[in-house]
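What follows is a short report on a single structure.
In this text the structure is predicted, and so the values were computed from the model without any measurement.
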Amino acid sequence: ELALKMTTKAGEVLKVMMDMGVMATLNDVIDQDTAMLVVEEMGHIPLESNEETVEDTLVQEASDNAESSPRPPVVTIMGHVDHGKTSLLDFIRKSKVASAEVGGITQHIGATEVPADLLNELCGPLMGGKTFDSPGLLFIDTPGHHSFSTLRARGGSLADVAILMVDINDGCMPQTIESIRILKAAKTPFVIAANKVDRIHRWESVRDRSMALALRNQTTEAMGYFDEKYWKLVGSFAEHGFNLERYDRLKDFTKEIALVPISAREGEGIQDLLAVVIGMAERYLGDKLTDIDGPGEGTVLEMKEERGLGKTLDVILYRGSVKKGDEIVLTTEDGGISTRVRGMFSPRGMSEMRDAGNRWDSSDAAFAASGLKISAPDLDGVLAGTTMRVVSSDEERDAALSLANKEANISVELAEEGVTIKADTVGGLEALAKELGLRFTSKMLTFYLAYFDRQAENLIDYAKATADSL
């Protein structure tokens, strides 16, 4: 490599090194000081490089590559509890996140990056050799239980495109309707995934089969049951101002909502669903997906305590870039604060952010759109659902702090005395408060977020030791 940089033969470099008393072979690694002496000896001018220079070069190269292509679309998966949102992602990434969750119910918001290679492989039989232009998809998985309305709203506001999961046998349920309202308010284009077709009477599923093929191979009896449930869904969505049409009959995506029948358990129709979602993003969101220049911006999903790191932020970066050492402005209960990124971590492979465990890779820079964990000083009180902004000048900092102060005005009110609620994340705290039927502004409550202790036994011991009987 050193010989190539000097456009000379490797043997000549080895000869000079031998004359200097340094014994080495073609594939040996030599230190920088020796390399500089060799370069000088051969009549060249060496330029000293340090770790920061190398890091900056790598970050710049990655930034140039990121700016030359569109970012991955952010796809939020929403819907009623137990309608198969996490099961859909489990099939795509070949994981078992849904079965590992308490009660089999999603309780935290999560994110998964799915690369283009996998998407092209999954959709290959349907695409006939064609490939997608998109560099991949960033999936946001939201809880479906009614308690987690704030997390659904948080995920819905991030979406470029949404997949609204509906159990075709249950039809529209309360959280389905709530999700429709969120998407309608945010003007987010969405696709209906009519899940669990494998449970329709007489339906015959074949694993990984395209839905276009599956619909042609069902009996008349099975299609009769399917049509009955399909038209019931069409009527339910019409009540909310949306015209549904089966995806293989759809003519205008701007006037009708595509419905794709699927079985997340069998993988039937998944390729059809992905093709529709990516097709919508590439056709109608081109300008939005390429407008990624400028300072980094992201949404804080959760604040968590991580062993060895302290308080960390789970962030979806949807614009620009952020790198280690950057100054960022965040929103807390008391207003905007600025801090610097101490460490950044990305989920390894297609690991789900909320279930990554120790499968995190340290990274020096991240580019939109991506999910990452950020470690930084002074994260106490950072509000989930607010904006993280990267700043590089005093003017940018002042502007970002002003915006953060406006966001802080909608923060919660805490009482001095009252009932203490403990949770491992902000989202869990919000859900528990709602489940108890209590409001944040109630004078009877004190909300306390306990990151340091997730063990129920320890919490019970803590309660026993508390002097106040309440």
Side-chain angles (χ1 to χ4, degrees), residues 73 75-80 82-95 98 112 114 118-128 130 132 134 137 139 141 144 161-172 176 179 189-234 236-237 244-251 253 256-282:
V75 182
T76 294
I77 304 180
M78 306 179 73
H80 194 72
D82 199 33
H83 277 200
K85 297 178 297 297
T86 305
S87 297
L88 168 63
L89 283 176
D90 277 343
F91 178 84
I92 294 171
R93 63 194 172 209
K94 309 301 179 188
S95 61
T112 303
V114 180
L118 179 61
L119 295 173
N120 287 322
E121 180 183 337
L122 283 170
C123 301
L126 189 69
M127 298 292 289
K130 296 180 181 178
F132 299 116
S134 172
L137 294 175
F139 284 102
D141 186 13
V161 182
I163 297 174
L164 182 54
M165 295 288 288
V166 181
D167 184 334
I168 195 170
N169 303 288
D170 288 348
C172 277
T176 312
S179 296
F190 64 95
V191 177
I192 304 295
N195 191 26
K196 303 188 181 182
V197 293
D198 54 298
R199 295 188 179 179
I200 294 175
H201 187 59
R202 298 290 186 182
W203 186 277
E204 294 183 3
S205 287
V206 175
R207 191 164 183 81
D208 299 343
R209 181 170 58 175
S210 162
M211 186 51 61
L213 188 60
L215 290 169
R216 291 198 297 267
N217 284 275
Q218 300 302 321
T219 63
T220 303
E221 185 179 9
M223 285 305 297
Y225 287 118
F226 170 83
D227 286 337
E228 179 184 344
K229 297 175 186 297
Y230 166 74
W231 286 110
K232 185 177 178 181
L233 273 179
V234 170
S236 297
F237 275 84
L244 256 61
E245 182 60 271
R246 216 172 75 186
Y247 78 106
D248 53 334
R249 298 172 178 169
L250 193 62
K251 294 181 180 179
F253 278 92
E256 296 172 314
I257 305 297
L259 181 144
V260 185
I262 68 165
S263 168
R265 184 175 68 176
E266 299 296 332
E268 198 167 43
I270 302 297
Q271 54 187 291
D272 308 65
L273 177 63
L274 292 173
V276 170
V277 170
I278 299 173
M280 283 179 60
E282 292 183 352

Under the rule for side chain to side chain donor-acceptor pair (under 3.5 Å), what residues qualify as partners of [X], not counting sequence neighbours?
{"X": "E245", "result": "Y230"}
{"X": "N120", "result": "none"}
{"X": "S210", "result": "D272"}
{"X": "T176", "result": "none"}

Would S205 and D198 count as having a side-chain donor-acceptor pair, cut-off 3.5 Å? no
I need the full list of ring-ring contact (aromatic ring centres under 6.0 Å, His included) pairs touching residues 256-282, with sequence neighbours left out, sorted by first then second residue. none
Residue pairs fulfilling ring-ring contact (aromatic ring centres under 6.0 Å, His included) with at least one residue in residues 204-224, sequence neighbours excluded: none
Looking at residues at least two apart in the chain, or sitting in another chain, which of them share a ring pair (Phe, Tyr, Trp, His ring centres under 6.0 Å) with [X]?
{"X": "F226", "answer": "W203"}
{"X": "F190", "answer": "F242"}
{"X": "Y225", "answer": "H201"}

Salt bridge (charged side-chain N to carboxylate O under 4.0 Å, His left out) against [X], all qualifying residues, sequence neighbours excluded:
{"X": "R202", "answer": "E221"}
{"X": "E121", "answer": "none"}
{"X": "D248", "answer": "R246"}

If you take all heavy atoms of [X] and [Y], which pair is closest and at what distance?
{"X": "C123", "Y": "A275", "answer": "SG-N, 4.2 Å"}
{"X": "V161", "Y": "A281", "answer": "CG2-CB, 4.2 Å"}
{"X": "A222", "Y": "I200", "answer": "O-CG2, 4.1 Å"}
{"X": "P189", "Y": "M280", "answer": "CB-CE, 3.7 Å"}
{"X": "F132", "Y": "L119", "answer": "CE1-O, 4.0 Å"}
{"X": "S179", "Y": "L164", "answer": "CB-CD1, 3.6 Å"}

Is there a side-chain contact (heavy atoms from CB on, under 4.5 Å) between V166 and F237 once you walk through the steps? CA-CA 11 Å; V166 181; F237 275 84; 4.3 Å; yes
Between the main-chain N or O of A214 and the side-chain N or O of Q218, is there a donor-acceptor pair closer than 3.5 Å? yes
Please answer whether the main-chain N or O of A264 pairs with a side-chain N or O of K196 as donor and acceptor at a distance below 3.5 Å. no
When V75 is tested against each of L274, I163, V114 for side-chain contact (heavy atoms from CB on, under 4.5 Å), which residue passes? I163
Got a second to check how far [X]'s [atom1] is from [Y]'s [atom2], nearest 0.5 Å?
{"X": "R199", "Y": "E266", "atom1": "CZ", "atom2": "CD", "answer": "10.5 Å"}
{"X": "I92", "Y": "Q271", "atom1": "CD1", "atom2": "CD", "answer": "11.5 Å"}
{"X": "E228", "Y": "I168", "atom1": "CD", "atom2": "CD1", "answer": "10.5 Å"}
{"X": "T112", "Y": "L137", "atom1": "OG1", "atom2": "CG", "answer": "11.0 Å"}
{"X": "T76", "Y": "K85", "atom1": "OG1", "atom2": "NZ", "answer": "12.0 Å"}
{"X": "I262", "Y": "Y247", "atom1": "CD1", "atom2": "OH", "answer": "11.0 Å"}

Given side-chain contact (heavy atoms from CB on, under 4.5 Å), test R209 with N217 step by step and report yes or no. CA-CA 11 Å; R209 181 170 58 175; N217 284 275; 3.8 Å; yes
Could you give me the CA-CA distance, side-chain angles and deciding distance for M223 and L215, then say whether side-chain contact (heavy atoms from CB on, under 4.5 Å) is met? CA-CA 8 Å; M223 285 305 297; L215 290 169; 4.1 Å; yes
Does a side-chain heavy-atom distance below 4.5 Å link N195 with L88? no
Any heavy-atom pair between the side chains of F91 and R207 that's under 4.5 Å? yes
Determine whether V276 and F253 satisfy the following criterion, side-chain contact (heavy atoms from CB on, under 4.5 Å), listing intermediate values before the conclusion. CA-CA 10 Å; V276 170; F253 278 92; 3.9 Å; yes
